[in-house]
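Data block below; observations after.
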Amino acid sequence: MRHNSYIGERIEAIRATLPTGVTLIAVSKYHPAEAIEAAYSAGQRDFGESKAQDLVAKQQQLPKDINWHFIGHLQSNKIKYIAPFVHLIHSIDSLRLLQEVNKQGAKVNRRIPCLLQIHIAQEETKFGFLPAECMAMLEEGIWRELENVEIRGVMCMASNTDNEQQIENEFAAVKRLFDEMKERFFADNDNFSIISAGMSDDHQIAIKHGSTHIRIGSSIFVE
Ligand SMILES: *Cc1c(COP(=O)(O)O)cnc(C)c1O
């Protein structure tokens with residue numbers, strides 16, 4: 001485990017910069033259980049994975065008090081594997097997917113916490129609701145009948161660019177959207193409180209614009 005000793009140091013260094021109320025999610029995709037154990041030893045309890053099968057395999061192998069976040073593109077046929085234990089699904093990008101998660105949540109008698117992924121970046125390869133689409137979905141109201149999911153907030157990925165002003169504009173737009181959603185649809189729900197935004201290279205900008213959950217992979221795990 002000696003070769004993993006930098007992991008705990010990296011986590012402590014990042015944590016020292018975070019305002020209170022911001023949760024660090026260590027994105028452990030592509031990294032083995034030993035790397036997660038090193039982070040766990042440093043007190044880290046929230047981990048993110050982007051493939052359902054990896055999430056399941058690691059959940060079985062590692063301590064049971066870990067909060068497992070699903071951050072990747074979710075296929076409907078994989079939901080059942082993660083439904084029993086997943087802590088938060090960050091990547092709901094359609095009403096249909098939300099309905100599928102609801103169905104699997106019912107089977108395991110859970111109300112599964114979910115975020116709506118907002119497509120804000122300029123790259124077309126990224127997933128998520130367009131802001132107007134997301135508002136229309138909430139307006140339509142079908143989500144209100146889904147008793148086995150709970151919408152806790154939004155998630156986004158900024159454009160992969162060196163243009164900080166653009167990144168800043170994107171995070172600011174998501175914050176405005178979150179505030180509007182809160183006011184129009186979730187004013188009476190204190191659990192609607194999460195903005196999952198910011199990765200290794202842009203989390204400081206995201207925090208400036210209200211991020212509550214940052215998802216950091218390479219700056220923790222890559223040597
Ligand atoms: C991989 C990934 C991250 C972490 O990215 P880093 O740049 O390695 O910090 C965060 N969010 C999502 C959705 C990812 O797929």
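Atoms within each ligand, like the ligands themselves, are counted from 1 in listed order.
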>> So for ligand 1, is D201 a polar contact partner (N or O within less than 3.5 Å, distance only)?
In response: no
>> Check E100 with R96, please: is the shortest side-chain N to carboxylate O separation under 4.0 Å?
In response: no
>> For the aromatic rings, using the six-membered ring if either is Trp, is the centroid distance between F47 and Y40 under 6.0 Å?
In response: no
>> If I apply the N/O under 3.5 Å rule, does G217 come out as touching ligand 1?
In response: yes
>> Quick test of your reading of the model: are E49 and K58 salt-bridged, counting only N-O distances below 4.0 Å?
In response: yes
> Hey, mind stepping through F178 and F192 against ring-ring contact (aromatic ring centres under 6.0 Å, His included) and telling me if it holds?
Replying inline: CA-CA 9 Å; F178 171 88; F192 186 87; 4.9 Å; yes
>> Please check whether S50 reaches ligand 1 - meaning an N/O of the residue sits under 3.5 Å from an N/O of the ligand, judged on distance alone.
In response: no
>> Is there a polar contact between ligand 1 and S219, counting only N or O atoms under 3.5 Å apart?
In response: no
> With sequence neighbours excluded, what pairs up with E170 under the salt bridge (Lys or Arg N to Asp or Glu O under 4.0 Å) test?
Replying inline: none
>> Considering non-hydrogen atoms of the protein only, which is the closest contact for atom 8 (O) of ligand 1, and what is the distance?
In response: S218 N, 2.8 Å
> Looking only at protein heavy atoms, which one is nearest to atom 10 (C) of ligand 1, and how far off is it?
Replying inline: M199 SD, 3.3 Å
> Which is closest to atom 6 (P) of ligand 1 by heavy-atom distance: A26, S200, G72?
Replying inline: S200
> Of all residues at least two apart in sequence or in a different chain, which pass the salt bridge (Lys or Arg N to Asp or Glu O under 4.0 Å) check with R15?
Replying inline: none
>> Can you check which of I216, I71, I25 brings a heavy atom nearest to atom 13 (C) of ligand 1?
In response: I71
> Would V27 and F171 show up in the same hydrophobic cluster when neighbours are defined by side-chain heavy atoms closer than 4.5 Å?
Replying inline: no
>> Under 4.0 Å from a heavy atom of R215: which atoms of ligand 1 are those, numbered in the order shown and with their elements?
In response: 4 (C), 9 (O), 10 (C), 11 (N), 12 (C), 13 (C)
>> Please classify the K29 to ligand 1 contact at 4.0 Å (heavy-atom distances, strictly less than): side chain, backbone, both or neither.
In response: side chain
